[in-house]
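Everything numeric here is computed off the predicted structure, so don't read it as measured data. Sequential numbering from 1 along the given sequence is applied to the chain's residues.
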Amino acid sequence: VQLQASGGGLVQAGGSLRLSCEASGRDFRINDMGWYRQAPGRERELVANINSGGIANYGDSVKGRFTISRDNAKNTAYLFINSLKPEDTAAYLCNADYWSYAGGTDVVGRVWGQGTQVTVSS
């Protein structure tokens with residue numbers, strides 16, 4: 001299972017972005033999906049996660065501004081970012097907990113995408 005994150009970019013403060021995280025592979029099911037972010041010199045922090053039933057959880061610093069959703073048919077999670085602030089500047093990474101049954105072997109694991117950079121100018 002692999003994840004591909006996209007949608008980052010350079011945006012002015014107050015702007016919006018939509019990030020996408022798509023899972024691909026053979027014979028798998030995705031359970032929880034999540035977004036984290038990491039800025040230079042700072043620890044990685046949870047932005048939001050969402051389970052297969054659509055129940056979401058948010059980090060305190062983004063509540064009310066960020067919205068996570070998912071399309072299970074497309075194995076894709078989205079992160080809608082509104083009212084961007086310079087302190088939101090970071091690499092945004094997605095992850096997914098998955099069950100793979102390729103080749104008749106059950107594998108349960110967590111995979112990370114490569115990240116997409118969000119830069120907010122003041």
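With hydrophobic clusters built from ILVMFWY side chains whose heavy atoms lie under 4.5 angstrom apart, Leu93 does not share a cluster with Leu84.
Partners of Ser83 by side-chain contact (heavy atoms from CB on, under 4.5 Å), not counting sequence neighbours, listed by chain and number: Arg65. Applying the side-chain contact (heavy atoms from CB on, under 4.5 Å) rule to Gln114 yields the partners Gln4, Ala5; only residues at least two apart in sequence or on another chain are considered. Partners of Thr119 according to the side-chain contact (heavy atoms from CB on, under 4.5 Å) rule, which considers only residues two or more places apart in sequence or in another chain, are Leu10, Thr89, Gln117. Not counting sequence neighbours, Asp106 has no partner by the salt bridge (Lys or Arg N to Asp or Glu O under 4.0 Å) test. In this view, Asp71 satisfies the side chain to side chain donor-acceptor pair (under 3.5 Å) rule with no residue, not counting sequence neighbours.
Distance check, rounded to the nearest 0.5 Å: CG of Asp97 to CZ of Arg110 gives 4.0 Å. From Asp88, atom CG reaches atom OG of Ser61 across 7.5 Å, with rounding to the nearest 0.5 Å.
Listed by first and then second residue, the ring pair (Phe, Tyr, Trp, His ring centres under 6.0 Å) pairs that reach into residues 2-22 come to none, sequence neighbours excluded. Counting only residues at least two apart or in different chains, salt bridge (charged side-chain N to carboxylate O under 4.0 Å, His left out) contacts with residues 48-58 are absent. Judged as a salt bridge (charged side-chain N to carboxylate O under 4.0 Å, His left out), not a single pair has a partner in residues 112-122 (not counting sequence neighbours). The stretch residues 49-81 participates, sequence neighbours left out, in no ring pair (Phe, Tyr, Trp, His ring centres under 6.0 Å) pair at all. Residue pairs meeting the disulfide (SG to SG under 2.5 Å) criterion with at least one partner in residues 31-93, sequence neighbours excluded, do not occur; the list is empty.
In this structure the side chain of Thr116 never reaches within 4.5 angstrom of the side chain of Ser6, judged on heavy atoms.
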Review item, side-chain donor-acceptor pairs of residues 41-49, under 3.5 Å, at least two apart:
from  : atom 1 : to    : atom 2 : distance (Å)
Arg44 : NE     : Gln38 : OE1    : 3.4
Glu45 : OE2    : Arg37 : NE     : 2.6
Glu45 : OE2    : Arg37 : NH2    : 3.1

Can you give each donor-acceptor pair under 3.5 Å made by side-chain atoms of residues 12-36, sequence neighbours left out, with the distance rounded to 0.1 Å?
from  : atom 1 : to     : atom 2 : distance (Å)
Ser16 : OG     : Asn82  : OD1    : 3.1
Arg29 : NH1    : Tyr101 : OH     : 3.0

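Nearest heavy atoms, Ala56 versus Ile68: CB-CG2, 3.5 Å.
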For a side chain to side chain contact (heavy atoms under 4.5 Å, CB included) check, start with the C-alpha distance between Leu79 and Tyr92, then their side-chain angles and the critical distance, and finish with the verdict.
CA-CA 10 Å; Leu79 186 68; Tyr92 283 70; 4.2 Å; yes
Let me see the working for Tyr98 and Val111 under side chain to side chain contact (heavy atoms under 4.5 Å, CB included), right down to the final yes or no.
CA-CA 8 Å; Tyr98 68 91; Val111 62; 4.1 Å; yes
